[in-house]
Novice: 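Below is the structure I would like to discuss, written out as C-alpha cells.
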Amino acid sequence: MKILLVEDEPLIQKSLKALLVRKGCEVDVEASGKKAILKIENTDYDRIICDLMLQDITGFDVIEESKKRYTIKEIGGLFIIITAYSSDQVLDRASKYGCKVLSKPFEDLNKALEIFISTERSS
Amino acid sequence: MENKSSTRTKKLKRGLRVFPDSSIEESSILHLKKSSWISDSADDSDIQISQINKSFQVEFADNNKFEVNSKNFNVLASELKHLNFQQQVKSKKTEKIFSKSFQNSYIKGASDPIVFDFEKIFNELSSLQILSSFLFNLKYFNNFNSLQFITHEKGKPLCPHYKQHRVQGYKSSKVSAEDFHQAFNLIKKSKSKQFNPHDFTAKNIDVVGTFFANTFSLKTHNVIFICSREDFLFPTDEEQENFVKVCNVLSPVLSKLIEKNKISNRFNIIHEVLENYPFPVSLIDFEGNTIFSNRPENSELNLIGKVQDEEFVEVNLKKGLKMVCFQGSGKENISDLEHFHRLKLLGDLLNTLGHELSNPLFGIGLTSEILASTQEVDENREFLEDIKSNSERCQTIIKNFSNLYSSNDDFEKVCLKSLLKETITLTKSESRGINKELILPDDELEIFTNSTWLSQIIFNLIVNSAQAIKAGSISQYPQIEIEVKKKENDIKILVVDNGPGIAEENQEKLFQPFFTTKATGTGLGLSICNNLSNKLNGSLSLSFSRPGKTIFSLIIPLERK
C-alpha cells in the first residue's frame, strides 16, 4: 500500500512512518501542505493520512485541492484526517468530505494503524 | 363678602364636611362652618380635622392621613389646595384660621385700587390651578365661570393650556405656538379686550359666548389670560372694569408662578431620577432621620449605623443633609469581571499549552513504543514502556486541566475525588512542603456541579491556607486537610489548616472585595469565591479560626436545585 503522510511534527512523522513501514507499507512523508498537494497531483496514493494543522495551510485545504483529481466519493475513501483539535466543527466538516477523523493522541495505537491500512472504501 | 361667593358656588367637586374634635373651640367651629370652606349641601364626609396637642391631623375619607403642626399650617393649606378645593385656607396662625374671612387676607384694603398681599400670595399659591381657584373667589370674578391661562415659553413649539371652570373643574391641554401667536397678537391689539371664540384659530379655547382676554409679556414667557361668564349674556361694563383691574396686578403673580412651576418640574425630574437610580441611595437629615430612600422596603438600607461600613459612601449636602449611597454593587461587579478575565486568560493559556504540548508528547509515546518493541532485554523494554506511559500521563493532566478551566457555565456530574485530587495537584507550586490530605466518605461520590467553579474555590482556599502557613507557621508539621462530608442533599467541603489563624477584626471583612492582609494581594480571591459559591447554589464561610486551626467551609447541593 502506498501511503502519503502529511504531518509537520517531526517525531510523529518519523514514528508513524516507521510503524507503517513495519506493516509492509510504502510511506512518503511531507511536512508542507503545499508540497503535499503537488505530490498528490503527480502520484497515485492508496491512502493519504493528513494532519489538520500544518505550518502553511490546513488539511482541509489539501483535500479541496485534491478535488481537481479525485471525486468526492474517492476522497472519502482516500483521506484520513488526524488532529489534536477534534471539535464539533472539525467533525462536521470532515463528514462533508466523507473522511474518517482520528484524534491525536491515539487511544489505541494498534487500532489506529489498522484503520490506516484498511482497504475498505467506506468512511 | 364671605357669603357672596358661596351663594353662587355650585356643588364642589369634593364636598367637605369637617369633623373637628372636642379640643377645637366651639367658636372656631362655628366660624369654620360659616366660612366658605364648607359647601351648603355637604352630605359627603370627606375630611376629618382634629387637633392633637399643637398639631392638626387631617384624615380623608380614602384614609389618607397627614399631620401638620401649628407652625406649618401653610403645609395643610397647600395640601388642601392641591386637592382642588375651591375655597382656601385663611391664615397662617391657627387661632385665626377659623375667624378671618378668606378673601380679605389676600388683599390689602377693601377697595380700589386693588393691592395684593403679594407675599402671602407667593407663599400660598403654587400653581396656575390654584391661582384660578383663588381668582374665582375674588368678588371681581363673581360672574365669571371659567378662567384660562395659556403660557408660552419663548422658543418652545407647544404651549400648555389650563382651563378652570367653576363647576366642571380643571382641564389642561396644549396649544401650538402658531395658534398662540395668532391669539396673542389679536388680543394685544384689541382695546375692548372682548372676544368671540371664532376670532381665534386655537381650537381648545372653547368658551360659550363672549369672553375677556388679556396678554402678559413676562421675562421668559408670554401668557394669555381668558375669562368668561360662559353664558350668552353680554358682559357688563362693570365686569370689564373688574377684569382690567385684576389684570393690572396679575403680572408679578404670573411671573412668580411660572418660575415656581419650572422649579417644581425640575424637582419632579430629579425626584424621579433618584427614585429610579439602580443602586440604593438615601437622604438623611442632621438628626439621623431618613427623609428619602429609593428602596424603603429594603432592610439592607437601614443605613443608620451602617454608615461606617465600607460598602456605603456618604456625601454631605447643604442644610445638614447627608446622602448615603450603596457602593457594594459596583465592587461586586468588579470582582465578577476580574474573575471572568482571569478564567478566560487561564483557559486560553491552558488550551494553547495543551495543544502545543500534545504533539511532542505523542511523538515521545510513539517513538518509545517503537523502540520498546525492538528490545529483547526486558529491563530496557520496561524503561521504554515507562517513558511511554509517562508521556500519556502528561497528556491526561493537560486534558483534565483544560477541562477544569473551560469557560463553561454548565453543570455536569463529576467525580468529586478526581476533581479534588486534580485541584490539589494544581496547588503544588504554592503549597510545596505542606502536607495535603484528602478525606472522602466515599471514593465514588459524584456530584452535579460546575467543575470549573468548584475547582476554583477549593484551589483558592488551599492556596490561601498555604500562603498563611508560609507567612506565619506555628506547627512543625504544616498541614492542609480537605475533608468532604455528606449531608442529606448537600456536600460540605472543609479546608482545614494549622496555620496562624485569622485575626478577629479581619474575620468580618474576609469576603469583601479588595480586602487583603497580604502585601501583594488583590483582595479579590475570597470575594470571587463567594460569588462562585452562590453560582453553585451553595455558600462559603469561615467556620472557625484561632491560631493553629482555621476552617473554611463550602456547602453545595448534591443535585441541581
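The chains referred to below are lettered A, B, ... by the order of the sequence lines, with proteins before strands, and numbering in each begins at 1.
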Novice: Do other residues, nucleotides or ligands put more than 12 heavy atoms under 6.0 Å from the NZ atom of A/Lys34?
Specialist: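 Incorrect, the count does not exceed 12.
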Novice: Would you say B/Phe383 has more than 12 foreign heavy atoms packed within less than 6.0 Å of its CZ?
Specialist: no
Novice: Answer with side chain, backbone, both or neither: which region of B/Glu392 has an atom nearer than 4.5 Å to a non-hydrogen atom of chain A?
Specialist: neither
Novice: Between A/Arg22 and B/Ile370, is a side-chain contact (heavy atoms from CB on, under 4.5 Å) present by the stated rule, with each step listed?
Specialist: CA-CA 10 Å; A/Arg22 268 201 206 166; B/Ile370 292 169; 3.2 Å; yes
Novice: Can you name the nearest heavy-atom pair linking B/Gln395 to A/Pro105, along with the distance?
Specialist: OE1-CG, 3.3 Å
Novice: Do the side chains of A/Ile12 and B/Asn359 get nearer than 4.5 Å, heavy atoms only?
Specialist: yes
Novice: Please classify the contact of B/Ser358 with chain A as side chain, backbone, both or neither, using a heavy-atom distance under 4.5 Å.
Specialist: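 For B/Ser358, side-chain heavy atoms alone lie under 4.5 Å from chain A.
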Novice: Applying side-chain contact (heavy atoms from CB on, under 4.5 Å) to A/Leu109 and B/Leu366, what does each step give before you reach the verdict?
Specialist: CA-CA 8 Å; A/Leu109 183 58; B/Leu366 278 181; 3.3 Å; yes
Novice: Heavy-atom count around A/Lys35 NZ within 6.0 Å, excluding the residue itself: above 12?
Specialist: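 Count not over threshold, so no.
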Novice: Within a 6.0 Å radius of atom NZ on B/Lys413, are there more than 12 heavy atoms belonging to other residues, nucleotides or ligands?
Specialist: yes
Novice: Looking at B/Lys421, I'd like to know if its NZ atom is crowded, meaning that more than 12 non-hydrogen atoms belonging to other residues, nucleotides or ligands lie closer than 6.0 Å.
Specialist: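 Count not over threshold, so no.
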Novice: If you take all heavy atoms of A/Leu11 and B/Gly363, which pair is closest and at what distance?
Specialist: CD2-C, 3.3 Å
Novice: Of the backbone (N, CA, C, O) and the side chain (C-beta and beyond), which part of B/Leu361 lies under 4.5 Å from a heavy atom of chain A, both, or neither?
Specialist: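 Contact with chain A involves no heavy atom of B/Leu361 at all.
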Novice: Using a cut-off of 6.0 Å, state whether more than 12 heavy atoms not belonging to B/Lys486 lie near its atom NZ.
Specialist: no
